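See below for the structure under consideration.
For clarity, every value in this text was computed on a predicted model and none was experimentally measured. Residue numbers start from 1 in every chain, and the chains themselves are labelled A, B, ... in the order their sequence lines are given, proteins ahead of strands.
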Amino acid sequence: MGAILKRELSSYFNSAIAYVVMAVYFFFSGLFFYSYCFEGNTSSLAGVYGNMFTIILFVIPIITMKTFAEEKRQKTDQALLTSPASLTEIVLGKFLGAFILYAICCCIFLIYAVVISFFVAPDWATIICTFIGILLLGASLIAINVFISVLTESMIIAAIAGMGVGLVISVMNYFINMVTIEWIEFILDKINFLDYYSNFTYGILNITDIVFFLSVTGLFLFFTVRALEKKRWS
Amino acid sequence: MVEVKNLSKFYGDIRAVDDISFTVETGEVLGFLGPNGAGKSTTMNMITGYISSTSGTVTIDGCEILDDPKKTKQKIGYLPEIPPLYVDMTVRKYLEFMFDLKKVKLPKKEHIEEVMRLVRISEQSERIIKNLSKGFRQRVGFAQALLGNPPVLILDEPTVGLDPKQIIEIRKLIKSLGKKHTVIFSSHVLSEISATCDRIIVISNGKIVADAKTDELSTSVSGEQKLALQIEGVSANIISAIKKIPAVTRVSKTFDMSENTAKYMVEYEKGADIRKEVFNAMSRIDCPILDMQSGNETLEDMFLKLTSSVQSGTVVGKRGNN
């Protein structure tokens, strides 16, 4: 796993991907930080985090699009799958690589908190809580997008499909309002990412929310392993 | 040692590989020969565990690939048809990555240096793979397969895209590796197989159509041996004189060299040696032999015969009796 993780990180930082993703992430978070905290004259980062939700949905498919799609296209998956590394190791290595890049992006919020601390004592509890939330949200979305990447050989398809799924997640509230059949509404309500994420931004550390994101992550990583396995048997 | 038993792979209704069995001993170089799409790569992918078989087993040094994939895969060095290279890395970085990925327990730096020296890419070690030519990429792929000195080497068309000098080098390398390793390598270049392999398996339409030692193969397939002659003299006399030799089955004039000289092809029964008799017969009628070549069927002839016979439905084993 270590070898794959190292290789993933070096491929992100040796290509433009890491820098483009970080630039976009920092630009929008800076923009929201400025407009909410400076213009809005508040020390709460809740508004910034709320808006970052959409940006994250679009940035993550860019990070993960090449994880498996590109391997298959370049036939390098043959090296991985014929090596003594197990499928779980391969998937975890790729997942962690993407997650670390994402976590580096998220560290910008800690800098904003430090900036706030020059003006007023920031609410560290809320900030840490939200930071955990944003990492958990990222982990679950990365797992979903890694799974999408394993299904296709094209990075473009992986990225667009990932963004499509992201859009559906972001407008889940509309769906919930639209649907009149009760049990569908109930299910949609239970998988509404925004609900679980918002709790973190208010500074509420809820076991339910943590378990939700961790189980989505685990489930889709498991799917990814199965999809890789299935490809060998087909 | 590699043992393949009743290996099959179906893609839906298509039989890519159909009930293949063979064993390769340690220190043997096995050539895997077949036209495009015969199932060579599929078989190799199954041996290395890249894809699973529909039925049948692959055993490597007593470990079965499906039972204990980790241990088994550690014993194999695999060079696929398209070398699995991360083109954004330098040669050294890539080999270091593969070294870690394969969990090799040798001293890292020395081992990588040694492998690079062996395939002669030491000078390219700091170059990015993207910028390397096809020949060098192939060698990097080769180096990757050699990492960790695996007892079994599986090479899928290792010399494709190399220049003649490189091909000779790679062949030498395979031959020298064959002393210590078990090597299976595929090719559709026949001269290459005959130059490097101890044993040849010919595969066509997913089936093994021949399995023999390299030097035995050509005689075992054809029922007859051939003699190519160049003789000066009157054709009619020459042909009738040769026909009197008991073992001869057929004589034909193949080419008129000049007014008085021609090339002849004599086919005779397997196991017989008619060279002396031909010489004596010719000297009796005073027709000097200018050139004589005993030609077994070439590997090319044999290959075409074998691979086309499957399509027409005949079984090779019985061909010899025809």
Side-chain angles (χ1 to χ4, degrees), chain A residues 1-20 63 65-98 101 149-150 153 155 225-234, chain B residues 9-12 41 44-54 63 65-66 68-90 93-105 108 128-130 137 140-141 144-145 147-148 150 152 154 156:
Chain A
M1 193 178 88
I4 294 167
L5 174 60
K6 216 168 106 190
R7 136 93 205 141
E8 282 297 297
L9 283 176
S10 81
S11 92
Y12 283 133
F13 286 94
N14 284 336
S15 70
I17 289 186
Y19 305 103
V20 169
I63 299 179
M65 64 182 181
K66 71 187 213 37
T67 42
F68 284 103
E70 185 68 0
E71 298 265 359
K72 267 194 268 175
R73 208 173 61 84
Q74 304 272 15
K75 303 272 178 204
T76 44
D77 61 334
Q78 274 187 314
L80 294 183
L81 294 176
T82 57
S83 79
S86 69
L87 293 177
T88 318
E89 272 178 89
I90 296 169
V91 172
L92 276 182
K94 299 233 159 226
F95 167 77
L96 280 181
L101 172 60
S149 182
V150 87
E153 267 183 41
M155 289 202 287
V225 174
R226 300 316 302 171
L228 270 181
E229 180 76 43
K230 183 186 165 278
K231 209 188 124 236
R232 301 169 64 198
W233 287 94
S234 62
Chain B
K9 180 75 182 175
F10 296 173
Y11 290 110
S41 295
M44 292 188 148
N45 279 334
M46 281 192 283
I47 295 174
T48 54
Y50 177 58
I51 55 172
S52 62
S53 55
T54 308
C63 304
I65 191 100
L66 289 177
D68 193 352
K70 257 188 199 176
K71 211 171 145 198
T72 317
K73 283 173 180 175
Q74 230 154 6
K75 293 179 191 290
I76 307 175
Y78 182 34
L79 170 62
E81 206 171 352
I82 301 159
L85 305 175
Y86 290 101
V87 292
D88 56 342
M89 295 171 118
T90 64
K93 282 267 159 58
Y94 170 72
L95 290 177
E96 280 172 3
F97 163 69
M98 290 306 294
F99 185 95
D100 292 339
L101 185 71
K102 291 184 172 193
K103 300 172 184 171
V104 181
K105 289 186 183 69
K108 190 168 177 178
I128 291 172
I129 296 174
K130 202 179 345 193
R137 287 183 187 207
V140 178
Q144 165 271 124
L147 283 176
V152 177
I154 305 212
D156 199 352

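Remark: B:K103 engages A:E89 in a salt bridge, criterion side-chain N to carboxylate O under 4.0 Å.
Within 6.0 Å of NZ on A:K66 lie more than 12 heavy atoms contributed by other residues, nucleotides or ligands. Around NZ of B:K75, the count of heavy atoms belonging to other residues, nucleotides or ligands within 6.0 Å exceeds 12. Residue B:K130 qualifies as open at atom NZ: its count of foreign heavy atoms under 6.0 Å is 12 or below.
Atom-to-atom distance recorded for B:S52:OG and A:K230:NZ is 11.0 Å, nearest 0.5 angstrom.
For A:K6, the part sitting under 4.5 Å from any heavy atom of chain B is the side chain, from C-beta outward, and nothing else. Residue B:Y50 touches chain A through both its backbone and its side chain, counting heavy-atom pairs closer than 4.5 Å. Using a 4.5 Å cut-off between heavy atoms, B:T54 does not touch chain A at all. Of the two parts of A:L80, the backbone and the side chain both hold a non-hydrogen atom closer than 4.5 Å to a non-hydrogen atom of chain B. Proximity to chain A is absent for every atom of B:M46, based on heavy atoms less than 4.5 angstrom apart. Contacts of B:L85 with chain A are made by backbone atoms alone, with heavy-atom separations under 4.5 Å and no side-chain atom involved.
Contact record, B:K73 with A:L81: NZ-O, 2.8 Å, taken as the closest heavy-atom pair.
Looking only at heavy-atom pairs under 4.5 Å with chain B, the residue among A:I4, A:T82, A:I90, A:N14 that has the most is A:T82. The candidate with the highest count of non-hydrogen atom pairs below 4.5 Å against chain B, out of A:E70, A:E71, A:Q74, is A:E71. If you tally non-hydrogen atom pairs under 4.5 Å between each of A:A3, A:P84, A:S11, A:A85 and chain B, the highest count goes to A:P84. Between chain A and the options B:P80, B:P84, B:G49, B:S53, heavy-atom pairs under 4.5 Å are most frequent for B:P84.
Taking the side chain as every heavy atom from C-beta outward, A:Q78 and B:N45 approach each other to under 4.5 Å. A:R7 has its side chain within reach of B:M89: a pair of non-hydrogen atoms, C-beta onward, lies under 4.5 Å apart.
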